[in-house]
2 protein chains.
Amino acid sequence: MNRLPVAERREQLIEAALAVASRDGIDAATVRAVAAEAGVSLGVVHYCFQDKAELMRAMAHAITGQNASGSLAGLPADARVEQIIDAVLGGLWDGISSHRGSQLLSYELTTSSLRHADLAQVAKEQYEGSWTAAEQALGMIEQAAGVTWSVPRSDLARVVVALVDGYSLAWLVDGDDGAARSGLRSVGGYLATLARPAPTAAPAPDAPHDQGADQAPHPAGTTPAPDA
Amino acid sequence: MNRLPVAERREQLIEAALAVASRDGIDAATVRAVAAEAGVSLGVVHYCFQDKAELMRAMAHAITGQNASGSLAGLPADARVEQIIDAVLGGLWDGISSHRGSQLLSYELTTSSLRHADLAQVAKEQYEGSWTAAEQALGMIEQAAGVTWSVPRSDLARVVVALVDGYSLAWLVDGDDGAARSGLRSVGGYLATLARPAPTAAPAPDAPHDQGADQAPHPAGTTPAPDA
DNA sequence: GTCTATAGTTGGATAGAC
DNA sequence: GTCTATCCAACTATAGAC
């Protein structure tokens with residue numbers, strides 16, 4: 001109905017695609033369905049996007065962008081490593097569990113990307129983004145808690161992403177929010193195990209680093225409580 | 001051409017479906033494609049299966065079954081917990097990484113199951129099977145190493161499955177086998193952290209117990225998603 | 001039991017009117 | 001720029017010949 005500039009029309013269609021695909025699955029996000037969702041006619045979509053793959057790529061780009069944005073709000077300023085890690089993982093999980101459809105769509109996009117050459121870049125961008133975000137979060141934890149990690153940050157980021165992915169999938173299947181939360185909490189305890197007091201610069205003023213002590217590879221003492 | 005009893009024909013078609021879907025993706029596993037792969041005509045498939053969903057369910061059942069089969073061969077008899085865990089995770093990973101298509105198909109099946117009521121049971125069965133297999137594997141490690149876990153075995157099973165899922169997804173995307181292996185190894189160290197010497201029975205020095213030849217084995221896959 | 005033929009949908013993409 | 005109309009391909013499913 002309304003005549004819009006192409007750029008705005010594209011945004012509108014991307015949002016419509018996101019709505020349909022999150023709600024009904026990636027297979028339901030046909031060009032027709034997206035057009036209907038946006039209230040435009042079929043031809044409009046093909047006018048704005050070269051083909052369906054380009055629309056899907058744009059949708060994927062939009063969803064990874066929004067995932068990256070809503071994560072690290074205010075960290076607890078003065079707190080022990082465990083608490084900070086808990087807060088970060090908790091916030092992350094809140095973002096995931098409150099958007100079930102989007103989360104499932106993300107996995108659908110990943111698998112589709114791995115099968116169709118048209119979308120080959122999508123999965124790589126998703127994980128590049130996830131790993132980078134996790135690394136940044138780990139960096140923020142370092143600063144906030146006055147610690148460094150005893151393993152390379154990139155390796156740790158990979159563990160975190162893998163865990164969150166794994167727990168997300170399980171939660172999508174069985175819907176057990178409690179199991180996911182307690183599982184993540186217990187893993188947070190493991191992460192805390194890998195933290196060491198920062199060597200050079202003075203740790204945060206009001207966060208004495210009694211934590212983590214100097215431990216060898218397997219500190220049997222600090223086991224993550226698997227559930228609470 | 002050949003006239004086969006329905007049961008055998010079904011087996012043949014299930015294998016054809018598995019071949020097509022592993023190779024070209026779940027969307028490519030159309031009734032036509034499966035019929036062509038099996039070398040039969042279109043009608044035959046509809047004669048053996050009520051509809052496409054039933055074929056997909058049968059295929060899913062077959063893939064979770066085969067995932068369950070190929071896992072815990074001989075464990076190292078006399079070894080420390082770390083080594084035993086390493087061997088189990090390593091064997092598990094070998095099974096996964098040598099069947100990329102099947103692994104990816106598992107995730108496709110999970111997401112499809114979560115979207116289509118026809119396949120609702122598939123994902124639940126996949127994870128029930130994975131969790132059970134992981135618990136059994138943990139039990140075998142307990143016996144082989146003479147330890148018990150300091151957290152409930154079911155919680156631990158969930159962690160293991162989540163980690164393997166997460167690393168599998170990442171590996172499907174970036175193909176970095178080394179990162180997956182070293183990540184799993186480091187996680188194995190974490191698991192060892194949770195082992196305690198078994199209280200009652202003496203931890204027999206050399207393989208005291210029967211190897212579970214009839215055991216169902218490991219975690220199969222699911223799907224991926226990016227996180228924040 | 002197996003095949004051919006075909007019905008009946010649905011989806012991607014384009015042409016051309018306005 | 002937008003809409004209608006249409007083409008063409010692929011799919012599920014069934015009917016009916018053999």
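The nearest whole Å value for the distance from the CG atom in A/D24 to the P atom in C/dG11 is 12 Å. One can place CZ of A/R9 at 11 Å from P of D/dG1, the figure rounded to the nearest angstrom. Residue A/E8 contributes atom CD, which lies 12 Å from atom P of D/dG1 at whole-angstrom precision. In this structure, the CZ atom of A/R3 is 8 Å from the P atom of D/dG1, given to the nearest Å. One can place CG of A/L42 at 17 Å from P of C/dG16, the figure rounded to the nearest angstrom. Regarding B/I26, its CD1 atom lies at a distance of 15 Å from the P atom of D/dC11, rounded to whole Å. In this structure, A/E54 places its CD atom 15 Å from P of C/dG12, rounding to the nearest Å. Following rounding to the nearest Å, B/L4 (CG) and C/dT2 (P) show an atom-to-atom distance of 7 Å.
Side-chain atoms of A/T110 and A/Q126 include a donor-acceptor pair closer than 3.5 Å. Side-chain contact check for A/R9 and A/Q12: at least one donor-acceptor pair (N or O, by modelled atom type) lies under 3.5 Å.
In this structure, A/H46 does not reach the C/dT14 phosphate: none of its side-chain N or O atoms is under 4.0 Å from OP1 or OP2.
The nucleotide whose nearest atom lies closest to any side-chain atom of A/D51 is, among D/dA13, C/dA13, D/dG1, C/dA13. Comparing C/dG12, D/dC3, C/dT2 by their closest approach to the side chain of A/V44 singles out D/dC3. Here C/dG12 is the nucleotide among C/dT2, C/dG12, D/dT2 with the atom lying nearest to any side-chain atom of A/V31. In this structure, the nucleotide among C/dC3, D/dC3, C/dG11 sitting nearest to the side chain of A/T30 is C/dG11. When the nucleotides D/dT4, C/dT2, C/dG11 are ranked by their closest atom to the side chain of B/Y47, C/dT2 comes out on top.
Of the residues near DNA chain C, A/G43 and A/D27, the one whose nearest nucleotide (by heavy atom distance) lies more toward the 5' end is A/D27.
A ring pair (Phe, Tyr, Trp, His ring centres under 6.0 Å) check over residues 158-188 of chain A, counting only residues at least two apart or in different chains, returns the pairs A/W93-A/W171.
A donor-acceptor contact under 3.5 Å is formed by the side chain of A/R32 with the base of C/dG12.
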Do any side-chain atoms of residues 19-45 of chain A form donor-acceptor pairs under 3.5 angstrom with protein atoms, and if so which ones, sequence neighbours left out?
residue : atom : partner : partner atom : Å
A/S22   : OG   : A/L18   : O            : 2.8
A/R23   : NH2  : A/E37   : OE1          : 3.0
A/T30   : OG1  : A/A33   : N            : 3.0

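Taking 4.5 Å as the limit, some side-chain heavy atom of B/L191 sits within range of a side-chain heavy atom of B/V160.
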